[in-house]
Amino acid sequence: MTFTRRSFLGVAAGAAAVAAVGSPIPALAANKPLTIGFSQVGAESEWRTANTASIKAAAKQAGVNLKFADAQQRQENQVKAIRSFIAQRVDVIAFSPVVETGWDTVLREAKAAKIPVILTDRAVKVSDPSLYVSFIGSDFVEEGRRAGRWLLEYDKQLGGKPLNIVELQGTVGSAPATDRKNGFAEVIAANPKLKIIRSQTGDFTRAKGKEVMEAFLKSEGKNINVLYAHNDDMAIGAIQAIEEAGLKPGKDIVIVSIDGVRGAFQAMVQGKLNVTVECNPLLGPTLMQTAQAVAAGKPVAKRVTIEEGVFPADVAAKVLPTRKY
Ligand code: GZL
């Protein structure tokens, strides 16, 4: 395997220990700042804005020379950016992969160039796990399960009413969309009265979330009891569509969402959203620490998960002032 002058073991954080032994990477000159090439998904949501801000602030704080590229949610732009980072001989490459597949070739090029790669936020499906040294991000399946558990509990309080659910999925092929869909479906399968009647991607954006919710309302109308949105931005777009249809979001249609961004807390305070499952975007400091450790050939965890909570509407007003994003 690669990237280190000596073997290192994956440590803690629920990660399987991974032994990686490989050819050395050039030692950093003592006083030369670390240079990281970072390819970001885009600027599609409040969550992404907070994630970018965290990475840039942490780089500044750590004295890291950050080369930042925004891919506008297109995989080909991320591949181009990674190739450019390789050509520039950066010390470490980090990126949030817009989708799970299609990375083997470019990551093999980084490996051949002996440049370590760190994944943040989203995971990849690759044939050789040594193509990246660490993945720092949330457990999206668990986030989907948490959304499902809240809805099971909510339905119990209704006395077990049948609930027709429409689902706004995230970007097709992305780890959060696939995993949040699977986690939610796995949990609500416990109650056959909970049925997903429509499911379509809103690409994690407010605009698309509104557009798809308009289509759901046109075809299903008052038949919809619940909206499950894979992120708050699509939920906020859908809230506009629900109001324009003359219905009350949060009451006529219960809304379950994920991210925990400020806009979601504000919607909950207004009684328009019922719960948001937190997905922490503040990954910057952990990324910088991991990159510095990798560059120094120190042991890093193969998988670093982030602690997260669930915020129902009844705590929103109290919690909102304490939110960091
Ligand atoms: C999750 C992240 C997702 C957010 C969306 O870690 O990849 O992408 O849930 C963002 O808001 O667009």
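Read the numbers this way: they start at 1 and go in the same order the structure lists the ligands and their atoms.
Enumerated by chain and number, the residues approaching ligand 1 to less than 4.0 Å through a heavy atom are E44, S45, W47, R48, D121, R122, F140, P176, R180, F204, N231, D259, C279.
The cationic group of R180 does not satisfy the cation-pi geometry with F184, failing either the under 6.0 Å distance to the six-membered ring centre or the 45° limit from the ring axis. For the pair K56 and F68, the cation-pi test (distance below 6.0 Å, angle within 45°) is passed.
Between E167 and K181, at least one side-chain N (NZ, or NE/NH1/NH2) sits under 4.0 Å from a carboxylate O, which counts as a salt bridge. The pair E46-R262 does not count as a salt bridge, with every side-chain nitrogen at least 4.0 angstrom from each carboxylate oxygen.
Judged by distance alone, the side chain of D91 and the main-chain N or O of T35 form a donor-acceptor pair under 3.5 Å.
For residues 215-239, the salt bridge (Lys or Arg N to Asp or Glu O under 4.0 Å) pairs, not counting sequence neighbours, are R206-D233.
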